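Accompanying notes for the structure given below.
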Amino acid sequence: MTLGEEILKSLEYNSEYRNIKINTENIIPSGADFVIEKRKNTQNDNVIVSESQTKIYVSSDTGKYMQSSDLKGLEQAISKCKKCPLGSTRKNFVFGTGNPKAKIVVIGEAPGRDEDEQGKPFVGRAGKLLTDILKSINLTREEVFIANILKCRPPDNRNPLPAEIDFCFPYLKKQMQLIDPDYVLAVGTFAGQTILNSRDTLGRMRGKIHTANFFGKDIKVVVTYHPAALLRNPNWKRPTWEDVKLFRDEFEKTLKH
Ligand code: URA
């Protein structure tokens with residue numbers, strides 16, 4: 001039995017692990033140098049096994065944050081998170097900002113340098129563009145809630161690793177449960193793929209209304225280009241405008257009468 005198989009076998013009892021359905025062959029490249037980090041070893045904990053570059057992190061999650069009954073409590077419960085290495089490289093944990101009872105949640109990828117400095121999402125150049133995009137569909141930042149898939153900045157703004165998403169996405173799901181929105185605008189490929197549990201390209205995800213289920217509730221989702229991508233390629237501004245108009249037409253069916 002390989003080391004990875006041994007770890008996975010020892011975790012077989014755990015339902016959270018079974019939900020993640022990690023395939024050993026995918027996460028354990030042959031010859032990799034493994035680091036096994038077992039922070040706590042109680043049979044009833046939720047154990048998450050994941051891989052970051054050549055390291056496997058086995059960390060236990062007591063799931064206490066799941067008992068938070070409001071966003072402030074949740075932020076306190078998770079903001080010292082060290083489940084993945086980004087917990088040691090971040091300056092600030094970026095929980096998200098906005099209306100705690102928003103009907104609309106905007107979801108980006110991960111904090112960049114400015115967000116890491118300030119502890120707030122979308123405060124740099126891309127953030128200014130996001131504010132303008134929201135304004136164009138009659139929304140202010142204060143009336144929506146803005147958050148990211150990852151709460152901590154990946155070094156040099158590299159793409160999120162699958163392991164980091166595995167660790168962090170449960171926090172966003174809990175935020176969604178507490179906020180209880182009806183609509184999500186997901187900006188960028190990672191946000192779209194994570195929210196829709198899809199591997200599709202942005203081109204295939206954009207331009208339509210999707211449904212995603214969070215805690216038993218169906219939420220309408222539109223995926224569009226990330227504002228940082230629009231700064232690099234202004235040709236994507238027109239399709240973005242089409243997507244956000246579609247989003248506006250959808251949320252105006254129930255909001256903003
Ligand atoms: N890009 C994101 O996806 N999120 C931020 O908060 C900032 C830039």
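Reckoned from all heavy atoms, side chains included, excluding hydrogens, waters and symmetry mates. Just so you know, these numbers come straight off a predicted model, no measurement behind them. Both ligands and their constituent atoms are indexed starting at 1 by order of listing.
- Listed by chain and number, the residues in a side chain to side chain donor-acceptor pair (under 3.5 Å) with Q177 are K174 (sequence neighbours excluded).
- Residues that satisfy the side chain to side chain donor-acceptor pair (under 3.5 Å) test with R90, not counting sequence neighbours, are absent from this structure.
- Residue pairs meeting the ring pair (Phe, Tyr, Trp, His ring centres under 6.0 Å) criterion with at least one partner in residues 98-137, sequence neighbours excluded, are F122-H226.
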(request) List the steps, then state whether side-chain contact (heavy atoms from CB on, under 4.5 Å) holds for V222 with E250. (result) CA-CA 9 Å; V222 167; E250 190 62 27; 5.7 Å; no

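- The cluster map of Ile, Leu, Val, Met, Phe, Trp and Tyr, joined by side-chain heavy atoms under 4.5 Å apart, puts F190 and V94 in different clusters.
- Closer than 4.0 angstrom to ligand 1 by heavy atom are G108, E109, A110, E115, P121, F122, N148, H226, sorted by chain and number.
- Ion pairing between R125 and D114 fails under the 4.0 Å rule for side-chain N and carboxylate O.
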